Amino acid sequence: MNEQTHERVREIIAAVPAGTVATYGDIAALAGLSNPRQVGWVLREDGFDLPWHRIIRADGVPASHLRDEQLARLRAEGVLATGQKVDLRRYRWEA
DNA sequence: TACATGACTCTTT
DNA sequence: CAAAGAGCCATGT
């Protein structure tokens, strides 16, 4: 993994404002990555000090193993979810 | 080098 | 609306 790219991903995620969400694909595109899976990789390896709960899948559902925790944190920021899906049209962050 | 795994996404059934 | 398949790329064994 490229160091610069890695840092760029971290910066972008850190820049996502509270009360909004972004998809893995969004972050990947902004960071210049072709594959969204790389974003997930960065978060898994080095995302403990980042607002990881604001990063969700393209269908509005958070990663399965973090689903509950993420939805809880988002709800606390004012991001409401229908069932397990967040309304991207309303909360999606745009750079 | 080859194969499996995973915080993904898109298209087609 | 749910499920399946195919791309995708970094890592670990």
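Below, chain A is the first sequence line, B the second, and so on; all start at residue 1. Values in this document were obtained by computation on a predicted structure and should not be read as measured data.
To the nearest 0.5 angstrom, A/Leu80 atom CG is 10.0 Å from A/Leu74 atom CG. For the atom pair OH (A/Tyr24) and CD1 (A/Ile56), the distance works out to 8.5 Å, reported to the nearest 0.5 Å. With rounding to the nearest 0.5 Å, the separation of CD1 in A/Ile13 from CH2 in A/Trp52 is 12.0 Å. Between A/Asn35 atom CG and A/Trp41 atom CH2 the span is 12.5 Å, to the nearest 0.5 Å.
At distances below 3.5 Å, not a single donor-acceptor pair connects side-chain atoms of A/Arg73 with backbone N or O atoms of A/His53. Under a 3.5 Å cut-off, the side chain of A/Gln70 and the backbone N or O of A/Ile55 do form a donor-acceptor pair. A/Arg10 places a side-chain N or O within 3.5 Å of a backbone atom of A/Asp46 that can act as its donor or acceptor partner.
Scanning all heavy atoms of the two residues, the minimum distance from A/Leu71 to A/Pro62 falls at CD2-CG, 3.9 Å.
As rounded to whole Å, 13 Å separates atom P of B/dT9 from atom CG of A/Leu33. Rounded to whole Å, the distance from CD on A/Gln84 to C1' on C/dC1 is 15 Å. Rounded to whole Å, atom C1' of B/dT9 lies 14 Å from atom CD1 of A/Ile56. Atom CG of A/Asp59 is separated from atom P of C/dA3 by 13 Å (rounded to the nearest Å).
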Exercise for review: Mark up nucleotides 7-13 of chain C, 5' to 3', with B wherever a protein heavy atom is under 4.0 angstrom from a base atom, S wherever such an atom reaches only the sugar-phosphate, and - elsewhere.
Suggested key: BBBSS--

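C/dG7 and B/dA7: their P atoms are spaced 22 Å apart (whole Å).
Non-hydrogen atoms lying under 4.0 Å from DNA chain B are contributed by A/Thr23, A/Tyr24, all within residues 8-24 of chain A.
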